[in-house]
Chemist: 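Before I ask anything, here is the structure I am working with.
Proteins come first, then strands; the chains are lettered A, B, ... in the order of their sequence lines, and each starts at number 1.
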Number of protein chains: 2
Amino acid sequence: MTLAPGSPGDVLTLISAGSATTRSDLARLTGLARSTISQRVDALIERGLVEETESGESTGGRPPRQLRLHAEEHAFAGVDLGATHCRIALMDMTGDLLAQCEDSLLIGEGPEKVLAHVDGRIDRLLAEAGRPRAALRVIGMGVPGPVEFATGRPNNPPIMPGWNDYPIPDYFPGVDVLVDNDVNVMALGEHRNAFPAARHLLFVKVGTGIGCGIVAEGTLHRGAQGSAGDIGHIRVSGHEESGCRCGNSACLEAVAGGAAVARRLTELGVPAETGADVVALVQAGNTQALRLVREAGRLIGEVLASLVNFFNPEAIVIGGALSRVHEHLLAGIRETIYRRSLPLATHHLSIVPSRMGVDAAVMGAGILAIEHYLSPDNINKIVNA
Amino acid sequence: MTLAPGSPGDVLTLISAGSATTRSDLARLTGLARSTISQRVDALIERGLVEETESGESTGGRPPRQLRLHAEEHAFAGVDLGATHCRIALMDMTGDLLAQCEDSLLIGEGPEKVLAHVDGRIDRLLAEAGRPRAALRVIGMGVPGPVEFATGRPNNPPIMPGWNDYPIPDYFPGVDVLVDNDVNVMALGEHRNAFPAARHLLFVKVGTGIGCGIVAEGTLHRGAQGSAGDIGHIRVSGHEESGCRCGNSACLEAVAGGAAVARRLTELGVPAETGADVVALVQAGNTQALRLVREAGRLIGEVLASLVNFFNPEAIVIGGALSRVHEHLLAGIRETIYRRSLPLATHHLSIVPSRMGVDAAVMGAGILAIEHYLSPDNINKIVNA
DNA sequence: ATACTTACGCCGTTCATCGAACAAAGTCTG
DNA sequence: CAGACTTTGTTCGATGAACGGCGTAAGTAT
């Protein structure tokens, strides 16, 4: 029942974070006696959570035995469900990729069909990776709509017909399942991967819609109803004529989302339907498309400039389909943020494109799962069991 | 060195939060043995942190001895420095007011003069309350500008000439001093007072300028550079003609702040200079003033609608000078937020006027001080000393 | 008055942690 | 190259914090 610093969970946290790789390191970091650390480490090894590798470099005395997470016997699945696709990544405890897959899949088919597909694919990936089903500990999942994170139930998702209030975790008995908004898991993935030291970060997904994942104090901020980060319907000035599917007008998404840019291009005589079409046109060097993407960046930048003043993040990461042409999008975003935000807030602000690209969601979902499993609470439960 | 749940600090936290008032309560809540709790409580009593009051009501057996924070021997000062005023509240450990004062004081006089004044006033308040100087444990202070919270140094504050980078805590040797932005301490005060259970809350101060304090997960969010909540320079649509002192145009503050409303009134032939003049006119029933305040509310509401979508708070509290006519201001704010924010985010959202009024800052500063002193870390340090 | 309930202190037992001594496994030096 | 030194890790008795049973205190119900 104890959660004191130096408990097995904390020791494992230090190992998994890479802060400590030997027993001596752990003793120094936790302040516990070396003998105590040895006991703890032994318990973790016995439970299959940690393993010893060959000895490290000596620094003038006996060389230390290196410790690391015991990757085998544990597997975690990151699931990225989109409107029309399903990506799954199987990872070990260190976050390394074991196997992955990608399929076209309409989320509108409803939870039973979609989750059956996911379940089957996870089995196949486990087989590929040569791990038994029992090795699967936690599933992390990102879905394209608001979710009540605590229960894993979608909360009136606009593009997930049949999913409202469906208890996703119940579909996978015996495994912990964490379900979150796709933008949140992408934010988590980019944070852990590109800016692990940043305390506050925003991840902005620019696709058909526009959404934002918020990392505050290193953890996801989901808001009171789990709807935080829904910036697609923030009003931008000077576009009252643009109606949005939400019923309002001048929503960011309705003027700068992929679909909106495509519609505008079509109006200019350049046929385009989706964000992907826009990307293709830009890559083909179409100047109209290029100009409109940059203009979309300015509009997004206007909203982000407000959020920079309000939230004062250390980094903003731009992802989503349109970020494939990020030079142009980012130019518009940066231009506006630096013009409209306060110098104190922008001085140390990084504004960068996504590093993980299409993998941000699956990786983030997997990280969500792993971090849940490795949380001190959970580890202490396992060790004391 | 132990910080396990049930440590003296945690026990005291439960007592101070009012979650537990007897030893038996504590045993139930912490899961520790009654004997252990008795030891802990004894240690806290010995250190003068807790006291026993007369027995409580019996519930069929021996009546429990009530415990509470030992208010005497400990005093905390909350200091509210404004552009032209200084308010100080002396509080005991439970947050009860012992004495207070208020003076006109120009912050532009510079740190030495102002802090000397504060120091003198604190001495006087201690004398009034009959406590020795040694009883003063922590000073909490709110100042009208950005501060590096960790060091207590103002960070290029626009209206605090001479204060830039001045190490305020050094002026009070032997006492812990916490310095924060005034809006932040007001947010803290309102949260602890009016919405202690809310996880995420925004406090908006509408005065000459407009600022916002952010409570996330129950604690203040200060941002990467401590500039979070600076919403006065967010752009509002349709007011490109309004120049702002920051160099941009259409800033919220430049169109909806107290000074801006006064200027507009003057242009309409109703002479007004400050926010206070505007308040007086509204209270006198001037319809032009009333209309402009409501319109300012709409503009503020537009910005807040964005922030509601982004941050998804449980409550928004409106304070500052203009909130004295809050019926009209709030009407405009509510109207716009409910029109422009997402239903999921507004469904359980409370939008209310400040409950503490002019006392929000001093009380919040005092609470900042008390919570620092009662934090488990600090208490364990005291008990183990 | 007696039984019952609840609160709390006392005290012997238990168990986790500590730290000293020892063993292991390397580097450095004469 | 032998021996001293350094660093790592383990063993084991000492220590002390927390536990929980028991006794006592101080009420209520019958």
Chemist: Mind checking what makes ring pair (Phe, Tyr, Trp, His ring centres under 6.0 Å) contact with B/F149, not counting sequence neighbours?
Modeler: none

Chemist: Inspect the contact between B/R153 and B/E148 and indicate whether a charged nitrogen and a carboxylate oxygen are less than 4.0 angstrom apart.
Modeler: no

Chemist: Rounded at 0.5 Å granularity, tell me how far CG in A/L188 sits from CE in A/M363.
Modeler: 11.5 Å

Chemist: Considering only residues two or more places apart or on different chains, which pairs with a residue in residues 130-140 of chain A satisfy salt bridge (Lys or Arg N to Asp or Glu O under 4.0 Å)?
Modeler: A/D119-A/R133, A/D123-A/R133

Chemist: Taking side-chain contact (heavy atoms from CB on, under 4.5 Å) as the definition, give me every residue that meets it alongside B/S38, ordered by chain and number, with sequence neighbours left out.
Modeler: B/R23

Chemist: Pull out every residue in residues 18-29 of chain A that has a heavy atom closer than 4.0 Å to any atom of DNA chain C, ordered by number, or say none.
Modeler: none

Chemist: Indicate whether any N or O donor in one side chain lies under 3.5 Å from an N or O acceptor in the other, for B/H372 and B/N378.
Modeler: no

Chemist: Between B/S38 and C/dG9, is there a contact of a side-chain N or O with OP1 or OP2 at under 4.0 Å?
Modeler: yes

Chemist: Nearest nucleotide by nearest heavy atom, which residue falls closer to the 5' end of DNA chain D, B/Q39 or A/P64?
Modeler: A/P64

Chemist: Given atom CG of A/D42 and atom C1' of D/dC12, what is their separation to the nearest angstrom?
Modeler: 15 Å

Chemist: For B/H221 and A/H200, I'd like to know if the aromatic rings sit close, meaning centre-to-centre distance below 6.0 Å.
Modeler: yes

Chemist: Which letters describe nucleotides 19-30 of chain C, given B = protein heavy atom under 4.0 Å from base, S = only from sugar-phosphate, - = neither?
Modeler: B-B-BBBBS---

Chemist: For the side chain to side chain contact (heavy atoms under 4.5 Å, CB included) test, which of A/D96, A/D92, A/L374 pairs with A/L69?
Modeler: A/L374

Chemist: In whole Å, what is the span from the CD1 atom of B/I37 to the C1' atom of D/dG20?
Modeler: 14 Å

Chemist: How does DNA chain D look in dot-bracket form if you count Watson-Crick and G-U pairs under 3.5 Å, write [ ] for pairs that cross, and put | where a base pairs with another strand?
Modeler: ||||||||||||||||||||||||||||||

Chemist: B/Q66 has an atom CD; how far is it from atom P of C/dA7, in whole Å?
Modeler: 11 Å

Chemist: Can you check the B/L32 CG to C/dC8 C1' distance for me, whole Å?
Modeler: 16 Å

